[in-house]
Each structure stands twice: as structure tokens, then as C-alpha cells.
Trainee: 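Okay, here's the structure, questions in a sec.
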Amino acid sequence: MAKFRRRTCITLSLFILFIFSLMMGLKMLRPHKAAFGDPFGLDLLPEIRQQTPHLVKTFDSQKSDRIDSETNVKNLKSVEITMKPSKASEPYPEELPPRNYFLHVFYYSWYGNPQFDGKYIHWNHPILSHWDLRIAKKYPQGKHNPPDDIGSSFYPELGSYSSRDPYVIETHMKQMYSASIGVLALSWYPPDSNDENGEPTDNLVPTILDKAHKYNLKVTFHIEPYKNRDDKNMYQNIRYIIDKYGNHPAFYRYKTKNGSALPLFYVYDSYITTAEKWANLLTSSGSQSIRNSPYDALFIALLVEKKHRYEILRGGFDGIYTYFATNGFTYGSSYENWAKLKFFCDQFDLMFIPSVGPGYIDTSIRPWNTQNTRNRVNGKYYEDALSAALQAHPSIISITSFNEWHEGTQIEKAVPKRISNTVYLDYRPHKPSLYLDLTRKWSGKYSKERATYAFDHQLPVS
């Protein structure tokens, strides 16, 4: 009997040892970071960041694309959801080409939400009426109602964010960095001034400069058509910008042919001010001349119509840009005219800066403007624009835009979203980073191409 018990104990011990060895063997076959309770590939899933409270959740990105309207918008009035990409989806710094300081992107800091601003700003953009009352009556009126209903045909991965949120600013800089963009052209109004749907934003400039510097990005200024803009107050505002921000390491300067490193300013809607007034500021004999002074700079005029070429010359500007992302909308934004515009600029020693965009759709705020919509065609429209720009051998290429969501020109990350009777556009079947990835690809191409014809291969002086 004692022998039988010993034999039984030995057999049982051997069986337990066999089972334990089998389990250890199976564990060795699992992914390196997985424990027995972890689902396979958990470390590859995207994260969801909730800003209030700061919680992080994970779920499969393909499943998230198919979320129905109820779960997608549930509780968004009390919780703003921010999508963060998985680390696996972001290129490592060593995989990125260097920043291209001849590739600029227009950037808008006019968005606000209750958490940071006490109210929604710009996301609640009004629906603009057509100037013809007969046409206007055919379309809805009123304002958008964030956070779910925003003035855009796309929905940001960061939600209806505030431009004052330091996390948002840093995320934007990371996205530009990942796209190998070198310079952001910041939409700017003087202190205590703003666009008709926004609030003053000049007090954000120091934070934007600091965050840009962290990623070796530069900041230039896109001067908006503020109220009563003329040669006299432009002189004061240029002095203000250079005095207050000109010594920051992220402040952009362009090295000219004669070796000078000058600030560069884009001037939106420059044509609404007469050439004579611009000449007061921008020619050496002008009554408010900024030339050959500590505030001298490169001033880039917006060219809309063909006739603007000679007005820009008479006004004393240093170059032209085209801004609009709609091919065919204006003379300047039509790709077929870029070679002629470059030839004109070369004749008169002007910089030519074509503006490219991923598409255009502003029907969320101008529902009557469908004729100017340009479909993105899964990135093809953007690549065609970039290809056309490269063929013109430009001084700089500007991108419209990083985050002008109202006009659907953003390259910032967007995500699928649906609310009741509205389905937002998105970048599927591609990732939310599609247009950042395409920008990085063409940034490298432009850098190589530019080195074959430009005199200034060096980085800008800051």
C-alpha cells in the first residue's frame, strides 16, 4: 500500500511538472511584452486622451472608424475627446528628413473652447449668407453648435480644441515637425484686434514661438487685413513685431542674395490698399519708408488677378504668393499660370511663392459655394499641386493650410465622425496623418530639387 502511494505521488508530481513546463513553453511563444492576460498587439493600438478628466483609453483604430453616431458623440458636451496616434504610427526622429525652411505652412491660432476660453470661438462659425437675397433664401442660416456641430466639413483628431491649450500647440508643432515643415506663417492681428468671428490672439505669440523652437521650427507672420490697415499703422505694427519678437530664436529670417538676413511678412489681401500707400512704406523714397532701417524686411503680396502684378511692383513689394488652395479660382491660384508668374518675378527680381493645398470645401460656412469645392482624391489633388509648384522652381513653397478648418484646406489630422444627420469627411482609407506624410515626402523632393537651381542652400539665420 505504501509502495502504491509513493508511485501515485511520483506520477502526480511528474504530471504537474509536465503541465508547468508546457505552460512556460507557451508563454515563451507570446509577444515579448505580453503577459498571460494581455491581448495580442495591445502596444500597437492608438490612445484616446480625454482632457477633462485626463484619462487614457485604447481601442482598435479600425473599429473606431465604424463607431455609430450614438457612441461617437456620446457625452461630448461634457468631455472633449482627443485622439493621440500610437507611437508606432509616428516616424522616429532619425527617420525624418531635416526640416525644410523653404517650406512654409499657414497656421491659425483663432480657435477656442469653454475649458480654456470660457466659450467656443470659431468652431461656432456663422453660416454666411449669399450677397444675392434670392440665392440666400435657399440656404440655412444661423451658427454652428460645438462641440459636435462645428464650422467645418472635417472633424479634428484633437476635437474642438482651443488654440490656447499648451498641449494642442505642442501637438501641432510635433505634426509640423513630422511633416518636415520648417516654417509656420502665423495669422496675425495687432494687439486688441481680431477677425470678426474671433478674439485677440497676439498674446499667444510667445508660447507659439517657444513651442516652435523646441522642434527647431521657425515662425513668420501672415499679416491679416485688420481694420483701417494702411502704410502708417503697418509701419508701427512691423516695428512692434520686430521689437517684441525679433530676438526670439524661432523668429524667421530669410537670407537674401546680398547676404542680409531679413524677416519675411506675408500680407493678406494686400490689393485692397493702393500701390501708392504701399510705396510710402516699401520704397526707399517713401514717406513712411522702412527700407534700410532696423525694421527692413521682405514683404510678400497676395496676387489674385493678373493685373495685380504691376501694382505689386509699384507698391515696392519683394515677392508674391497665391494663397488660395482652389486651382482655377483666381489667376494666381491656377497652376497653369505659375510658370508665367515665375518668369515675371525673375524679370523684376521678386520672390515667387506658390501656395498649394490638399483640397477645398467651405460649404459648412458658405453652403452656396459648391463650385469652388476641390475633392482631395485621397491625396492626388495635393500631390498634383506640389508637383506643379516644383516645376515652377519657386523661392519658397507655402501650404494652405495647417488648420484652416472652415475652408477644408487643413493638413492637420482629421478623424471620422458622424452626428444625427451629418457625416464629416475624413481621410479614409488612409490614416489621419495622410497629408502630413505626403508633405514629408514632397518636402524631401523639394529640398533636392531646389538645390539644383537656388543660390541659397543654407538654413535661414534666426
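Below, all heavy atoms of this structure are taken into account, side chains as well, without hydrogens, waters or symmetry copies.
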Trainee: Can the ring centroids of W123 and W110 be said to lie less than 6.0 angstrom from one another?
Mentor: no

Trainee: I'd like to know whether the aromatic ring centres of Y177 and H172 sit less than 6.0 Å apart in this structure.
Mentor: no

Trainee: Looking at every non-hydrogen atom in both residues, tell me the closest pair between A385 and G357 and how far apart they are.
Mentor: CB-O, 4.2 Å

Trainee: Can you label the angle between the F348 ring and the F344 ring as parallel, tilted or perpendicular, going by 30° and 60°?
Mentor: tilted

Trainee: When the ring planes of Y427 and F154 are compared, do they come out parallel, tilted or perpendicular, using 30° and 60° as the limits?
Mentor: tilted

Trainee: Using only heavy-atom distances, determine whether the side chains of Y226 and N237 contain a donor-acceptor pair under 3.5 Å.
Mentor: yes

Trainee: What distance separates S401 OG from L184 CG, expressed to the nearest 0.5 Å?
Mentor: 12.0 Å

Trainee: For H308 and Y331, test the side chains for any donor-to-acceptor distance below 3.5 angstrom and give the result as yes or no.
Mentor: no

Trainee: Under a 3.5 Å threshold, yes or no: a donor from one side chain and an acceptor from the other, between E412 and Y161?
Mentor: yes

Trainee: Can you see which heavy atom on I127 is nearest to which on P367, and at what distance?
Mentor: CG2-CD, 3.6 Å

Trainee: Are side-chain N/O atoms of Y108 and T201 paired as donor and acceptor at under 3.5 Å?
Mentor: no

Trainee: How are the rings of F352 and W338 set relative to one another: parallel (under 30°), tilted (30 to 60°) or perpendicular (over 60°)?
Mentor: perpendicular

Trainee: Roughly how far apart are I361 CD1 and T373 OG1, rounded to 0.5 Å?
Mentor: 4.5 Å

Trainee: Under a 4.0 Å N-O cut-off, is there an ion pair linking K417 with E157?
Mentor: no

Trainee: Side chain to side chain donor-acceptor pair (under 3.5 Å) for D149 and H144? Distances and angles first, verdict last.
Mentor: CA-CA 6 Å; D149 170 24; H144 288 278; 2.7 Å; yes

Trainee: Determine whether a donor-acceptor pair (N or O, by modelled atom type, separation under 3.5 Å) exists between the side chain of S398 and the backbone of P354.
Mentor: yes

Trainee: When rounded to the nearest 0.5 angstrom, what distance separates OG in S395 from OH in Y254?
Mentor: 5.0 Å

Trainee: If only side-chain N and O atoms count, and only distance matters, is there a donor-acceptor pair under 3.5 Å linking T400 with T409?
Mentor: no

Trainee: Whether K214 and E170 form a salt bridge (side-chain N of Lys/Arg under 4.0 Å from carboxylate O of Asp/Glu) is what I want to check.
Mentor: yes

Trainee: When you measure from the side chain of T220 to the backbone N and O of A185, does any donor-acceptor pair fall under 3.5 Å?
Mentor: no

Trainee: Checking side-chain polar atoms at under 3.5 Å, does H213 have a donor or acceptor matched by the opposite partner on H248?
Mentor: no

Trainee: Roughly how far apart are T171 OG1 and D165 CG, rounded to 0.5 Å?
Mentor: 8.0 Å

Trainee: Is the charged tip of R418 near the ring of Y424: under 6.0 Å from the six-membered ring centre and within 45° of its axis?
Mentor: no

Trainee: To the nearest 0.5 Å, tell me how far S387 OG sits from K445 NZ.
Mentor: 7.5 Å

Trainee: Answer yes or no on whether R440 is positioned over the face of Y435, meaning its NZ or CZ is under 6.0 Å from the six-membered ring centre and within 45° of the axis.
Mentor: no

Trainee: In a check of ring pair (Phe, Tyr, Trp, His ring centres under 6.0 Å) between H222 and each of Y252, Y323, W188, F265, which one passes?
Mentor: Y323

Trainee: Is there a donor-acceptor pair under 3.5 Å between the side chain of N100 and the backbone N or O of G182?
Mentor: no

Trainee: Scan D202, V205, N203 and name whichever one has a side chain to side chain contact (heavy atoms under 4.5 Å, CB included) with P191.
Mentor: D202

Trainee: Compute the ring centroids of F221 and Y107, then answer whether they are less than 6.0 Å apart.
Mentor: no

Trainee: Any side-chain donor paired with an acceptor under 3.5 Å for H125 and N197?
Mentor: yes

Trainee: Checking S333 against T326: is there a side-chain donor and acceptor pair closer than 3.5 Å?
Mentor: no

Trainee: If we count only N and O atoms by modelled type, under 3.5 Å, do the side chains of D269 and Y271 hold a donor and an acceptor together?
Mentor: yes

Trainee: So, F317 versus F299, ring centres under 6.0 angstrom or not?
Mentor: no

Trainee: Identify, with sequence neighbours excluded, every residue that meets salt bridge (Lys or Arg N to Asp or Glu O under 4.0 Å) alongside D210.
Mentor: none

Trainee: Between side-chain atoms of residues 136-143 and protein atoms elsewhere (two or more places apart, or another chain), which donor-acceptor pairs fall under 3.5 Å?
Mentor:
none

Trainee: Determine, for K119 against D117, whether the closest basic-nitrogen to carboxylate-oxygen distance falls under 4.0 angstrom.
Mentor: no

Trainee: Would you check if there is a donor-acceptor pair between the side chains of N369 and H130 at a distance under 3.5 Å?
Mentor: no

Trainee: Would you sort out whether D384 and Y382 count as a side chain to side chain donor-acceptor pair (under 3.5 Å), showing the intermediate values?
Mentor: CA-CA 5 Å; D384 287 347; Y382 191 37; over 6 Å; no

Trainee: Indicate yes or no: does D346 engage K342 in a salt bridge with an N to O separation below 4.0 Å.
Mentor: yes

Trainee: Less than 6.0 angstrom separating the ring centers of Y245 and F251, yes or no?
Mentor: no

Trainee: Ignoring hydrogens and geometry, is there a side-chain-to-backbone donor-acceptor pair from K218 to P249 under 3.5 Å?
Mentor: yes

Trainee: Mind checking the CG-CD1 spacing from N421 to I419? Nearest 0.5 Å is all I need.
Mentor: 7.0 Å

Trainee: Under 3.5 Å, is there a donor-acceptor pair between the Y111 and N113 side chains?
Mentor: no

